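These notes are about the structure you will find just below.
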Amino acid sequence: MKINYTIAECPLGLLLVAATDKGICSVTIGDKVGGLAEDLHAEFPQADITRDKEQLQTQVNTLLAHLVGQEPHPALSLDVQGTAFQKRVWEELRRIPYGQTASYSEVARRIGQPTATRAVARACATNPAALITPCHRVVREGGELGGYRWGIERKRQLLEKERETSEQ
């Protein structure tokens, strides 16, 4: 597998976007270039991975526009790996409207697995395409934020920006 990636500054820190020739395979958020790149290599240890800003500029621009509220529904091709269950959860997450949230148990019910709340939370935690698959829109039953792979403060910022933008 050949993967190209780039890292760009964004309002949340650093944004890594990686893609195969079929689509985006990873979008992650972090604070250190080295850490993001190391995580990508660990996730795809057999892949031929190259840093290439030029080839991914359109995808990066779309995600940066999304982060500032100009692109509520980034229409980017995905090439993500996951179990059938994870893919169903990720698909359902993409149905949560911009500026809104759903609880883990709501997502479980929507995919026809009402007792799979913990499995839904795990699928959110392993989401390979942050922002495109908006796992940040999933909250605890009482509306509390709960965890977020890239930090609870980033989750809070994403949700606040979405609410602010959708109210305009």
Side-chain angles (χ1 to χ4, degrees), residues 1-83 86-87 89-91 93-94 96 98-99 101-102 104 107 120-140 144-165:
M1 174 186 291
K2 181 161 176 36
I3 297 173
N4 290 315
Y5 80 97
T6 191
I7 298 173
E9 290 185 19
C10 74
L12 300 172
L14 296 173
L15 180 71
L16 178 141
V17 179
T20 67
D21 59 346
K22 295 178 184 175
I24 292 175
C25 61
S26 183
V27 176
T28 56
I29 305 164
D31 297 313
K32 297 179 183 174
V33 170
L36 288 169
E38 287 170 15
D39 290 349
L40 180 67
H41 285 275
E43 186 177 346
F44 299 99
Q46 302 299 317
D48 174 17
I49 300 174
T50 305
R51 190 165 181 178
D52 182 352
K53 182 180 180 180
E54 308 298 313
Q55 191 170 1
L56 295 166
Q57 197 58 54
T58 299
Q59 294 91 329
V60 168
N61 289 343
T62 298
L63 291 171
L64 292 175
H66 173 72
L67 284 171
V68 296
Q70 296 172 349
E71 185 79 37
H73 309 287
L76 297 168
S77 297
L78 289 172
D79 182 17
V80 294
Q81 305 300 311
T83 66
Q86 287 171 318
K87 287 181 178 185
V89 170
W90 299 336
E91 198 173 293
L93 299 183
R94 288 189 293 274
I96 300 171
Y98 184 84
T101 59
Y104 295 100
V107 173
V120 165
R122 182 73 186 133
C124 289
T126 58
N127 169 23
L131 307 175
I132 300 169
T133 301
C135 55
H136 63 276
R137 294 183 190 149
V138 184
V139 297
R140 293 184 177 157
E144 298 169 33
L145 295 188
Y148 186 54
R149 180 175 171 185
W150 297 283
I152 198 77
E153 188 52 37
R154 286 186 174 113
K155 183 173 188 169
R156 183 181 329 283
Q157 289 174 347
L158 284 165
L159 291 173
E160 285 175 4
K161 184 62 176 177
E162 286 188 11
R163 285 187 192 116
E164 173 189 301
T165 303

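Keep in mind that this is a model prediction, so the values were computed, not measured. These numbers come from the heavy atoms of this one structure, side chains and all, not from hydrogens, waters or symmetry mates.
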So, do [X] and [Y] sit near enough that their side-chain heavy atoms are less than 4.5 Å apart?
X: Ile24; Y: Ile132; result: yes
X: Leu14; Y: Ile29; result: no
X: Leu93; Y: Val138; result: yes
X: Arg94; Y: Pro134; result: yes
X: Leu131; Y: Pro74; result: no
X: Leu63; Y: Leu15; result: yes
X: Leu78; Y: Thr133; result: yes
X: Pro128; Y: Trp90; result: yes

(request) Check the pair Arg156 / Glu153 against salt bridge (Lys or Arg N to Asp or Glu O under 4.0 Å), numbers first and verdict last. (result) CA-CA 5 Å; Arg156 183 181 329 283; Glu153 188 52 37; 3.3 Å; yes

(message) As a test of understanding, state which of Leu16, Thr50, Leu56 forms a side chain to side chain contact (heavy atoms under 4.5 Å, CB included) with Thr6.
(response) Leu56

Is a salt bridge present between [X] and [Y], judged by a nitrogen-to-oxygen distance below 4.0 Å?
X: Glu164; Y: Lys161; value: yes
X: Lys2; Y: Asp52; value: no
X: Glu38; Y: Lys32; value: no

(message) Within this structure, what is the CD-SG distance for the pair Gln81 and Cys25, rounded to the nearest 0.5 Å?
(response) 8.5 Å

(request) Determine whether more than 12 heavy atoms belonging to other residues, nucleotides or ligands lie under 6.0 Å from atom CZ of Arg122. (result) no

